[in-house]
Protein chains: 2
Amino acid sequence: MKITALFKPKAAFPFELVKPEIEKIEQIIQEQARAFDPGVEGYVSYVCNTSGKRIRPALAVLSGGSTGGVSEEHRRLSVILELVHIASLVHDDIMDGATIRREMPTAAAKWGNALSVLLGDSLFAFALELATDFENPTVCRRIAKASRDVASGEILQTQRRFDFNLSIPEYYKIIEMKTAALFGAATELGAVLNKQSEAVTASMLSYGLKLGTAYQIYDDCIDLVGDEKAIGKTLGTDLTKGKFTLPILYLLEAATEKQRAKLHHMVLKGEPMDTSILAGIADYEGAIERAVKTAKGMLVEARADLICLAASDHKDALKTITEYLDGLLDGCRA
Amino acid sequence: MKITALFKPKAAFPFELVKPEIEKIEQIIQEQARAFDPGVEGYVSYVCNTSGKRIRPALAVLSGGSTGGVSEEHRRLSVILELVHIASLVHDDIMDGATIRREMPTAAAKWGNALSVLLGDSLFAFALELATDFENPTVCRRIAKASRDVASGEILQTQRRFDFNLSIPEYYKIIEMKTAALFGAATELGAVLNKQSEAVTASMLSYGLKLGTAYQIYDDCIDLVGDEKAIGKTLGTDLTKGKFTLPILYLLEAATEKQRAKLHHMVLKGEPMDTSILAGIADYEGAIERAVKTAKGMLVEARADLICLAASDHKDALKTITEYLDGLLDGCRA
C-alpha cells in the first residue's frame, strides 16, 4: 500500500511563457525525424512523441530569455538536449525492463531490446551531429561531455546496486552526472549562446545543477511515496533493484544495527518492499522528511544563483520552477 | 560441417609501415580511458584492449601519410574512430548475444547487458567529445554522421531480418551504412586534415567506402565458409538470425521457386544451417563465387581511386590492403 502523494504545488510550472517556443521546438524535433532514413524515421518519430515533459528545452529557453533573449540557437540547443535525453530514456527503458512510459509502450516493449539499443545510438549520434553546427565549439563539447556524464552516472549507479557501502557523497555524484548534468548544460549553454560573462554562465550552470539534483531527489522520493496512476509510471522499483536513493540512505543512516541488518536482508532477497514494510522496520517518515528538506535547501541555493540576472519574465520563470518543484516536494511529505 | 577457408593472402597486411603510429594510438587510447571516472575506467580499458584489429586507425594514418603526412590530428582522428567502432561492437555483442570476441569474454557476457548499453554510450559520447577538439568543424560533423550511419545501418538490418523481400540494393545500402561509413570517414578525413582538394577527398572517401563494402562482403562470406577457430568468433549465425547477406541473396536469386520455398521454410524455422545443408538445396558454391567476384570488383575500383595520389609508401600500403583483402576473398572460394 502506498501513500498517495498529494500534488498541490504552491506554484504552477511557468509553461505559458515558454509555450510558443516549446511549440516551435516540438515542430523542429518532428522535422528532424525526417532527416533519418525512411526505415528509421518511424521509430524516431514515435519516441520523440512519447517521451517528455520538455523540461530541458524549457530551461534552455528560459536561460536564453533571461540572459539577453531567445534566439534560433537556443531552439537548436533545446532540440539537441531533448534528443540526448530521449536517447537516454530509450536505453534506460531497456535496462529497467520498463514497458510503459508516459502511458505509451516503450520502444523496448514495442520493438525489442536490440532495435532500442540502436535507436538510442542513432538519436544520440544525430544530436551530436546537430551540435557540431554551433559557431562556438564549446557548445558541442559541453553537450558531448554532459551526454557522457549521463551514461557514466548510470554506469556508476548500475555498478553500485546492492552495495550497502554506497555513501551519500557517492549518491550525489551519481545523480549529478545522470540527471543534473543535462539540466546544467541547458542553463549554462543558454547563457553561453548569449555571450555572457564567466560569472553569469557559472551561476547559470550552478542553478541548473542544483535544480537537477533537487529534481532527482524528488524523483527518488516519489518512487517510494508516489501514486502510480498520478505519476504515470511504474514506481517502487528502486529498492527492489538495489538502487539506494537519498531517502533510503538516510533511513539506513538513522537505523539501528538490527534494523539495518533486517533491511539488508530484505533488499538482498529482492522482494518488492512498500512503504508499510519500510515503515515497520525503521523511521521511514523521518527519512523522507530529511530528503525533502535537503532538496528544498538546494532549491533555495538555486534561487540565489539567479541574483546575477537582470529582472525579466524569464528570470521570474526560472524562480517559479524552483517553487513549483518545492511544492511537489511538499507533496512527498503527505 | 564447414568448409575451412584457406587463408593464403597474396599480400600481407601492411602492418609494419603503420606499426609505430598504431603503437602511439594504442597508448593514447589507454590514456584516454583514464579520462573516465575511476568507477568506469576499468570497463573502458577492458573493451579497448579486447576489441580490435585497428583497421580504421590504420586507414586514417595511411590516408594522412599519402596526402601530405601523418600529424597529431591524424592520431586523434584514429583514436576517435576506433572508440566509435569499439562502442558499436559493445552494443552489437548485446544484440547478438555474443559471449566471445577476439578470444575474450564480451562486455555483455562479463557485466551484463545493462552495463554494456551504458558503456557503449559512454564510449561513444567520449569519442564525440574528443571530436569537438578539431579546428575544422567538418571533422566532428562527419564523425557524428558516420556514427549515426553505423547505428542506422544496424537498425535497418535488424528491421529487415527474415524479410525475404530484401533486395540486393537494399543490402548494399545497409552495409554501406553499418560498415563502410567508418572506413570512408577514416580515409576521407585523413585527407581533409591535410587540407586536400575536393577531388582528392572525394576519391579517398570513395576508396574507403569501396574497401569497407568489400570487407563486409568478405565478412558475410566468412560467416558461411569460415573456420571458427581460425577466425576467432562464432560463425554461421547470420542466416539463423534471418540476416540475408550477399551470398545468400545471390543463392536465393539463382534458386528455383521450389528451392526458394524450401530455404524460406528452413530459415523461418530458425534452425542452424551449415554449408552442407545449403549446398544440398541450391547452388551454394556458385553463390559464394559470385559474392567473392563482386567484392573483388570493388577492390579493383578502390585501387583506381588511388590514382589521384602522388607515389609514396603510404599510397602503396593502401593498395596493398586491397590486395590483402583480395587474397582473403580467394580463401573463401576453397
Side-chain angles (χ1 to χ4, degrees), chain A residues 35-37 39-40 43-44 84 87-88 91-92 94-97 111-135 137-161 170 173-174 177, chain B residues 35-37 39-40 43-44 84 87-88 91-92 94-97 111-135 137-161 170 173-174 177:
Chain A
F36 284 82
D37 185 276
V40 180
Y43 303 109
V44 171
V84 170
S88 78
H91 282 180
D92 279 359
I94 300 170
M95 293 179 293
D96 293 345
W111 304 300
N113 288 351
L115 198 136
S116 303
V117 168
L118 297 167
L119 179 58
D121 290 352
S122 277
L123 279 167
F124 182 53
F126 184 57
L128 271 290
E129 202 180 326
L130 294 177
T132 59
D133 283 335
F134 288 103
E135 214 181 304
T138 307
V139 181
C140 185
R141 195 167 305 140
R142 279 285 291 117
I143 292 170
K145 175 67 169 65
S147 308
R148 175 157 67 102
D149 281 346
V150 172
S152 294
E154 294 270 2
I155 290 183
L156 294 178
Q157 182 170 67
T158 305
Q159 193 187 24
R160 304 301 297 274
R161 283 170 52 199
E170 286 168 332
K173 185 177 154 194
I174 289 171
M177 292 172 92
Chain B
F36 284 82
D37 184 276
V40 179
Y43 304 109
V44 171
V84 170
S88 78
H91 282 180
D92 279 0
I94 299 169
M95 290 180 294
D96 292 346
W111 303 301
N113 289 352
L115 199 136
S116 302
V117 168
L118 297 167
L119 179 58
D121 290 353
S122 276
L123 280 166
F124 182 53
F126 183 57
L128 271 291
E129 203 180 324
L130 294 177
T132 58
D133 283 334
F134 289 103
E135 213 182 305
T138 306
V139 181
C140 184
R141 197 167 304 142
R142 279 285 291 119
I143 292 169
K145 176 66 169 67
S147 307
R148 176 157 67 103
D149 280 346
V150 172
S152 294
E154 293 272 2
I155 290 183
L156 293 178
Q157 183 170 66
T158 304
Q159 193 187 26
R160 304 301 296 272
R161 284 169 53 200
E170 286 168 331
K173 185 177 153 193
I174 289 170
M177 291 172 92

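Lettering follows sequence order; numbering is per chain, from 1.
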### Task
Counting only heavy atoms closer than 4.5 Å, note whether B/Asp37 contacts chain A via side chain, backbone, both or neither.
side chain
### Query
Which region of B/Ser147, side chain (C-beta onward) or backbone (N, CA, C, O), has a non-hydrogen atom less than 4.5 Å from a non-hydrogen atom of chain A, or is it both or neither?
both
Look at [options] and state which one has the largest set of heavy-atom pairs under 4.5 Å with chain A.
options                                : answer
B/Val150, B/Thr138, B/Leu156, B/Thr158 : B/Leu156
B/Ala146, B/Gly112, B/Ala125           : B/Ala125
B/Arg141, B/His91, B/Met95             : B/Arg141

#### Entry: Under 4.5 Å from any heavy atom of chain B - which part of A/Asp133
both
### Query
Under a 4.5 Å heavy-atom cut-off, does chain B meet the side chain of A/Ser152, its backbone, both or neither?
both
### Query
ring-ring contact (aromatic ring centres under 6.0 Å, His included) with B/Phe36: which residues, sequence neighbours excluded?
B/Phe126
A side-chain contact here means heavy atoms from C-beta on lying under 4.5 Å apart; do [X] and [Y] qualify?
X        : Y        : answer
A/Asn113 : B/Ile94  : no
A/Leu119 : A/Val44  : yes
B/Asp121 : A/Phe124 : no

### Message
Among residues at least two apart in sequence or on other chains, which ones pass side chain to side chain donor-acceptor pair (under 3.5 Å) with B/Asp92?
### Response
none
### Query
What distance do A/Arg148 atom CZ and A/Met177 atom CE have between them, rounded to the nearest 0.5 Å?
7.5 Å
### Query
How long is the gap from CD1 on A/Ile155 to CH2 on B/Trp111, to the nearest 0.5 Å?
10.0 Å
### Query
Which of the residues A/Ser88, A/Ser122, A/Pro137, A/Ala87 is involved in the greatest number of heavy-atom pairs with chain B at under 4.5 angstrom?
A/Ser122
## Note on the structure
Of A/Ala151, A/Ala127, A/Gly120, the largest count of non-hydrogen pairs under 4.5 angstrom with chain B goes to A/Ala151
